[in-house]
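A note on names: the letters A, B, ... follow the listed sequences, proteins ahead of strands, and every chain is numbered from 1.
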Amino acid sequence: MIRSRLTAQRLAFLFLLGCFLFNYPLLSVFNRGGSFFGLPPLYAWLTGSWLALIALMAWVVESRAD
Amino acid sequence: MLQGWVIVLASFLYLGILFAIAWYADRRADSGRSLIANPAVYALSLGVYCTTWTFYGSVGRAAASGIGFLPIYLGPTLLFALAGFILHKMIRVAKTNRITSIADFVASRYGKSQLLGGLVTVIAVVGVIPYIALQLKAVSNSFAILASYPDIIMPAKAGAVPLLQDSALYVAMILAAFTILFGTRHLDATERHEGMVAAIAVESVVKLVAFLAVGVFVVWGMHDGVGDIFAQAALAPEVAHRLASADSPAAYGTWGTLIFLSMFASLLLPRQFQIAVVENVDESHLRRAVWMFPLYLFLINLFVLPVALAGLLHFPGGGGVDADTFVLTLPMAHQQEALALFVYIGGLSAATGMVIVETIALSTMVCNDLVMPLLLRLPVLGLAARADLSGLLLEIRRWAIAVILCLGYLYFRVAGEAYALVSIGLISFAAVAQFAPVVIGGLFWKGGTRDGALAGLAAGFVLWTYTLLLPSFAKSGWLPDGFIAHGLFGIELLRPQVLFGLAGLDEITHCLVWSLLVNMGAYIGVSLMRVPNLREARQATLFVGGAEAAGIPGWRGSAGIGDLLPLAGRFLGLERAQEAFSRHARQRGLRSLHELPADTRLVGFAETLLAGAIGSASARAMVASVVTEEPLGIDEVMNILDEASQVRAYTRELEQKSRELTRATAELRQANARLQELDRMKDDFISTVTHELRTPLTSIRAFSEMLHEDPRIDLAQRSRFLGIIVSETVRLSRLINQILDLAKLESGRAEWTVAAVDVAEVIREAADSLAPLFVDKRVSLQLDGCEAGLNVLADRDRLMQVMVNLLSNALKFVPVASGRVKVDVGAAAGEVRVSVTDNGPGIEAGDQEVIFEKFRQGTGNTDVLIDKPQGTGLGLPISRQIIEYFNGRLWVESTPGAGACFVFTLPRQAGDNGASQPTGEQP
C-alpha cells in the first residue's frame, strides 16, 4: 500500500501541516467574533482546512505519479 | 405512533437485519467470495470509532463549549496521515505474527510475556468499561425519551430506578446476547470476523445517514440554512459565546491534548485495533482508508455545531432538556416521528457497533491473555491434558462478554450520572493512551524490555486510576470525596486532580501529563537498566526490523507432526488444525501433512497457528510443552542476529586467503626444492666440467713438461708426445665448444635456421662423414629406408649434429671388427622415426635415463666418470635438447648384453613438399 517512501513522507508532511493548521497559535487568529460568509471564522477555518487536508491526503495516496 | 412496543419492535428488526447481513457475509467468506475485501468497507468499518458519544455527545459538548468537540476527530485525521509509518507497520507485524489483540501485540513484542499480556488486558477492560457504560446510558436514555413522545421528558437518574425497571439493564442483556451470537459462533485461528465487519460497515452508514438527516432537517427544515442559525445565535446573548472558543492558554492546551489523545485512541482502543489491524483483509485497503475515514469523520461532524446552536435556541435556558439529547429531541419537538425513530436507530447503530466490536476484542484478550494462562497453570483442572479445548475457549469468551457488559452496567449505575457522555469517553481515551509508549516505542525502538513495559504500563495505569477513575467514583458519591479536596491521607500534595500542586489544567490534561510522563519515564528508564534478553531481542527485531527479520528461527529443537497436530487440534478443533497443517505442507511442496519434517519451521508454524487462537504468550507455553527444546544460547543468537553474517563473510574470506596461502606456500616450497636441486646440479656441473677440463690439461701439461725439461728425448718419442698433446688439445677445445653449445641451448640463446630437411639425406651425409672411422674400427654401417625422402621441419646442421653424435656414440661402444651399426628410417602416425641400433654391451635399465644427463656416461656405475677417448658426456644431452626443440623425442631401448637402440622421432612436415615456415620464436 503505502509502500513508496515518498508517499509516506508526503503524508507525514501533511501530518505536520495538520498539526500546525489545527492548533495554537494559528487558531487564535481565527478565534474572534464577526462572520465569514455568515459563518463564525473559527468554524469556517476548521471546516475548510480540515476538508482541504483530507483532499490533499486523498490526492497523495491516490495519485500514481511517484 | 411511537409507543414503546413500536420502538422495541423497530430495535429488534434492525438488530435482526444486522444479524442477517453478518450471517450472509460469513457465508460468502466461507465460500471464498469475501464481501468485505473492499477498501470502502474497511474505511466504513473504521467508523466504529464514532459511538453514541459522537452521535449524541458531540452536540452536547458543542452546546457546552462550542467548537470544543472537534479535536476528537482531528486527531484521527492526523493519525491517518501517519498511516504509512505506524498503521501500515502494525498491520504487517500483526499479520506475520498472527496478533489478535492489542494485549497480544504488547505481550508478543516484549518476549511473549504472559504477565504483560495480562496487565494490558486488565488496563483495557478497566479503562474501556466507562465507555461501554456510556453506550448503555445513551441507548436507554434515548429509548426512554422517545417512548415518552409526544412529551419531552428527561429520564430519571439511573440510580433512582429500581434495578428491574431500569431499561439500561435490559439493553445490556440484549447487547450481550447479540454480541455473543455475533462474535463467538466459532473459533477462528486468525480471530477475524468477516460477518461482524460487514455489519459494522452497514451500521456506520446508518448512523451517518441518520445524523445527516437530522442536520439537514434542523438546518433547512427548521431554519433558513446554516447562516441563519449562526445569525440567530449571534443575537442570543446566552448562545453567542459558543461561536468562538475560550481564548486562553489552558483552552488551547486542552484543545491540543484532545487532538493528541484522540490520535492514540483511534489506534489503541481495543475495537480500533481489532478493526484497523486484526480485521484488515488486505494491506492495500489502508490506502483508501487514509482519506475515506477522515472524510467520514468530517461528514458526521459537519452539522454538530448548527444542531447544537439550534437546540440552544429552541430550548432556551436548557428548558429541562439535556443537550446530549438535542439530536433526538429537536425532531420530536417538531413532531417528526419517523425522523426521531430513525435517529434512535442511528444511535442504536452507534452503540451496538461499539459494544459488539469492543466486547469481542476484550473477550479475546480476557480469554487469551488472562483466563487461559491462569487455567493452564492450575494443575487441579488438568486442562493441559484435555483433548479438546476449543469449546472451552468459546465458553470463556461468552462469559467474558457477559461479565464485561455487567461491569459496564455497574459503572453506569454507580458513576454514570455524574458526567456528560463526552467526559466518560475521555476517561477511557486516557486509559488506552497508556499503551502508546509501549506500542509506538516497541515499533521503533529495539531497546525496550519486558520489565520496562511492565513498569511503564503499571505506573501509567496507577496514575490514571488515581487522577481520573477514582475521582469519577467520588464525584458520583460512590466513594467519599474527601480525598479529592484534601488529598489522600489529608496530604495536600496528593490531591488527585491537582497532583503535586499542578493546577490550571482540566482533569484530562492533568491526568495525561502525569500518567504519560511517569509511563514513558518508567518504560524507558527501566528498559535501559539491562540489555534485552534473547527472546526480547528476537521479537524486537521482528517488530522493528519488519520482514527482513522473518527468517530468524525462534526455536532450537523440534517436535514432529505427531505431537503438534493433536496440540493444535485441542484448541482449534482437529479438523481445522488438520486443514491448516495440510495447507502448510502444500506451501512447502509436500503432498500431505504426514510428510512434514520435524524441524524448527514446523514448530514455528504451529506456534503462530496457536497464537491466533490463544495468544502468543500461551501459544509459546503450550508449544514448549511438546517441544524438546534446547534453549538458544547467547552465542548462537548473537550469531543469528547481529554480526553473524559479517563474521561469516570474514571467516569465508579468511579461509579463502588461507587456502591460497597454503597453495602459494606449497608452490614456493616446490620452487625452492627445484632451486636447491638446480643449485646442486650447477655445483655438480661445475665440478664435472672442471674435472673434464683438467684431465686433458693434465695430460697436455705432463707431456709438455717432459718435452721442456728433457732435451734428450729422441725425435720419435717427441713426435708421439706432440701427437698426444695435439689430440688432447682438440679434445679440450671440443669439450669447451660443447659446453658453450649446451649453455646456449639451455639458456635459449642458440641460433636456429629452421627449414624443411630431408632426414634421409642428413643421415647419409652423417654416415659419409663418419665412414673413415667405421672403416678404421672395421665396424659395418647399414642404412635402411634412407631413400624415402621424408621431410621434417628442423635446423639441418643441428640435425646433422644429432646423427653424428648417435653414430659416433654407437661406434664408440661396439667391439672392434665384429661391430655392427644399423640405421633405420621410417614414417608412422605423422612422425618420422629414426633408430640407431648397435651390438655393443647395452645399457642397464637404471642407466637408460641417466645417460641423457650431462657428463654421465652409461658405465653401469653412474657415480664414477670414466674417461673415454672422444667422449665428453655432453653429446646425448645436447642431442636430446635439439630433438626436443623440434617437438620430437629421443630415448634409448636396450637390453644389457644385447646392444642398444637409440630412437628419435620428429613431427613429419605436412605434404613433405619442402615448403617450410620458420618457427620463429623459441618455445
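Using a 4.5 Å cut-off on side-chain heavy atoms (C-beta onward), Leu70(B) and Leu46(A) make contact. Taking 4.5 Å as the limit, every side-chain heavy atom of Trp291(B) sits out of range of all side-chain heavy atoms of Trp59(A).
For the atom pair OG (Ser49(A)) and CG (Leu74(B)), the distance works out to 8.0 Å, reported to the nearest 0.5 Å. Taking CE of Met292(B) as the reference point, atom CD of Glu62(A) lies at 9.5 Å (rounded to 0.5 Å). To the nearest 0.5 Å, atom CG of residue Leu309(B) and atom OH of residue Tyr43(A) are 9.0 Å apart.
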Under 3.5 Å, side-chain donor or acceptor atoms of residues 294-308 of chain B against the rest of the protein: list the pairs with distances, not counting sequence neighbours.
unit_1	atom_1	unit_2	atom_2	d
Tyr296(B)	OH	Ser204(B)	O	2.5
Asn301(B)	ND2	Leu297(B)	O	2.8

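Trp255(B) places a side-chain N or O within donor-acceptor distance of the main-chain N or O of Phe22(A), the cut-off being under 3.5 Å.
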Please report the C-alpha distance between Leu82(B) and Leu11(A) in whole Å, then the side-chain angles of each, then the deciding distance to 0.1 Å, and finally whether the side-chain contact (heavy atoms from CB on, under 4.5 Å) criterion is met. CA-CA 6 Å; Leu82(B) 284 183; Leu11(A) 280 175; over 6 Å; no
Please walk me through it: do Thr7(A) and Arg287(B) pass side-chain contact (heavy atoms from CB on, under 4.5 Å)? CA-CA 10 Å; Thr7(A) 307; Arg287(B) 180 211 292 271; over 6 Å; no
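Leu78(B) touches chain A through backbone and side chain together, each having a heavy atom under 4.5 Å away.
For Phe80(B) and Phe15(A), the distance between ring centers is not under 6.0 angstrom.
Heavy-atom pairs under 4.5 Å with chain B were tallied for Thr47(A), Ile54(A), Leu14(A); the largest tally goes to Ile54(A). Of the residues considered (Leu53(A), Leu56(A), Leu17(A), Leu51(A)), Leu51(A) shows the highest number of contacts with chain B, using heavy-atom pairs under 4.5 Å.
No more than 12 heavy atoms of other residues, nucleotides or ligands lie within 6.0 Å of CZ in Phe13(A), so this atom counts as exposed by the packing criterion.
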